[in-house]
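Accompanying notes for the structure given below.
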Amino acid sequence: MSGDAILPNGSADPSSVGGRAKFPRSSRLLRHADFERVYKEGRRHFAAHMTVFYLRRGDPARLRVGFTVGRGLGGAVERNRMKRRLREAVRLYGVVVDAPVDVVINPKKSLLTADFADLRKDIKRAFEVIEKSVGKP
RNA sequence: CAGCUGGACCGGACGGUCGCUCGUCGCGAGACGGGAGGAAAGUCCGAACUCCGCAGAGCAGUGUGCCGGAUAACGUCCGGGAGGCCGGGUUCAAGCCCGGCCGACGGAAAGUGCCACAGAAAACAUACCGCCCCGGCCGCAAGGCCGAGGUAAGGGUGAAAAGGUGCGGUAAGAGCGCACCGCCGCCGCAGUAAUGCAGCGGGCAGGGCAAACCCCACACGGAGCAAGACCAAAUAGGGAGGGAGCCUCGGGUUCGCUCGGGGCAGGUGCCGGCUCGGCGCGUCACAACCUCCGGGUAGGUCGCUUGAGCUCCGCAGCAAUGCGUGGCCCAGAGGAAUGACCGUCCUGCGGUAGCAAUACCGCAGACAGAAUUCGGCUUACAGGUCCGGCUGCCAC
RNA sequence: GGCGCGGUACCCAAGUGGUAAGGGAGAGGUCUGCAAAACCUUUAUACGUCGGUUCGAUUCCGACCCGCGCCU
């Protein structure tokens, strides 16, 4: 447990520089075709509670993140919870990667019961890896 | 008070910081407000709505099936009645009475089919063992054997074998006779009806299965919001027109045109500001190319949430429910919002301290997530509240 | 979200209101120097779960559970 995880009364995390971390719809990956392209042409990064696919894109210089939670991972309640926890973790990390990258995160079943701080560390590490491998082509 | 059981309901509360989504306001930054369930689930029924189909009727098919009511409708709900199970009381017994629970329950004297095994016999009933009588033979006798009959009480088989109980009766028996119960027919009374009750007559017709085919009555067109409507890129393809002249003679004509002969003109696309030039095509026809039109994919918009709506009170009704007045607006996403973290409290369990009330610490708080919308059914569900029934214990 | 199919042994798979085929695999044997192939013999185990109808249900009816497909 590093000290920078969560402060007692829920104030902003150091990693989310600049105050309020948001995660609007424009930063989300929503189109079926986009998902397909990332799966087909993208690279992969494996973490404890998830698998991350990512692909450098052309023109619009924005990071976009999408989530896929399949039927095998549980009922609607559990799948919704996984998606919400992931979204919250990505939001709190802050969408600071500047490269035009599409990212798709596939959770594993352990994500449901994992500690939220661990989850945030997984996300942080994954985005660092992405930045390193894609940031300077 | 405890256990079992039937029904109704709640299913954590309040607050803080950050975020998501919809609405309203605002030029904008943003502000304010709304934001999962009783099952949102399974998709098992019924509707609304939309498109397609359709003269009418019938057949086929599917579903429903005691009676009455409720409802937009239903396979749902409410009330009632046959029937079944359990407990208690009563009777010699069958049975009857009381209470509780269950309750897919039309027709088997319209027809067809199926009832394995066992059993003598399983559906125009039969007679294996047995019981009884008569005749003959044997035997001192008890009785035995053979033959002709009577019988459906008893045994045995089976899920099921020509009503049940009791008394009488008989050679033995049998509705053979009687009483009660059951059954069939007729009639009466009560009830809207299912049905119940009473009377009279008949000793008694008759197996089961229709969640087998079927018959009868009633209902039903098919698909589903990924329905459907509108806008509409790129690419490919479709249609129409231009490209694709003028004059004259003759023939045909539905008077729009068309066919044939002769003469004249030299066109058009791209490159380019224009000319020259180059390249391609064309000169009577399926050209290149240009313009327009329609279908339609990706994508977008609508459908999309005010509705057989919720609720207070009053009235009608046993009830389901209906009527009236007033009040309320209560999620609308679309790779799919309703979340993350924290604090205080609540409930349960465990531990520590304490005689105890209690205090502190730790853990836990179910089933489950709207997807066009309603009415039901079914299934899942920690814990808790209220009302009723039965049993046991204690107190009065 | 809506609609439609199917669950029979370890696997494939027929079937019907009373007894559940068959094949492969497995086991044992023959053959062989040893195996494979071939041939012979063979055991045990199964009707997804729970109710209902029926004397009797894998079969008929209903409700659940699981798997698959189509519409985009």
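Here is the naming used below: chain letters follow the sequence lines, and residue numbers restart at 1 for every chain. Heavy atoms only: backbone and side chains are in, while hydrogens, waters and symmetry mates are out.
Taking a 4.5 Å side-chain heavy-atom cut-off between Ile, Leu, Val, Met, Phe, Trp and Tyr, the cluster of V104(A) extends to L29(A), F35(A), V38(A), Y39(A), F53(A), L55(A).
Minimum atom distance to the side chain of R87(A) is reached by A337(B), of the listed U21(B), G335(B), A337(B). When the nucleotides C20(B), A336(B), G299(B) are ranked by their closest atom to the side chain of K83(A), A336(B) comes out on top. The listed nucleotides are C20(B), A336(B), G299(B); the one nearest the side chain of L30(A) is A336(B).
A stacking contact links F35(A) to G335(B): the aromatic ring centre lies within less than 5.5 Å of the base's six-membered ring centre, and the planes differ by less than 30°.
With both ends at atom P, the span from G243(B) to U254(B) equals 29 Å, rounded to whole Å. Comparing G89(B) with G191(B), their C1' atoms are spaced 31 Å from each other, to the whole Å. The separation of C225(B) from U373(B), taken at their C1' atoms, amounts to 10 Å, rounded to a whole angstrom. To the nearest whole angstrom, the two C1' atoms, one in U5(B) and one in A70(B), are 30 Å apart. Comparing the P positions of C114(B) and A212(B) gives an interatomic distance of 16 Å, to the nearest angstrom.
When rounded to the nearest whole Å, the span between CZ of R91(A) and C1' of U17(B) equals 10 Å. One atom, CZ of F116(A), and another, P of C18(B), lie 17 Å apart when rounded to the nearest Å. The distance between atom CG of L112(A) and atom C1' of A368(B), rounded to the nearest whole Å, is 13 Å. Atoms CG (L92(A)) and C1' (G19(B)) sit 8 Å apart, rounded to a whole Å. As rounded to whole Å, 16 Å separates atom P of A298(B) from atom CD of E36(A).
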Got a list of protein N/O to nucleotides 369-371 of chain B N/O distances below 3.5 Å?
unit_1, atom_1, unit_2, atom_2, d
G369(B), N7, R84(A), NH1, 3.4

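Under a 4.0 Å N-O distance rule, the pair D102(A)/R56(A) does not qualify as a salt bridge.
A sub-4.0 Å separation between OP1 or OP2 of G335(B) and a side-chain N or O of R25(A) is absent.
Note: Y93(A) OH to E88(A) CD = 16.0 Å, rounded to the nearest 0.5 Å.
Pairing for G6(C) goes to C66(C), judged as Watson-Crick or G-U wobble with the two contacts each under 3.5 Å. Across every strand in view, A110(B) sits unpaired, with no contact that passes the Watson-Crick or G-U test at under 3.5 angstrom.
Remark: R87(A) fails to qualify as a cation-pi partner of F67(A) under the 6.0 Å distance and 45° angle criteria applied to the six-membered ring.
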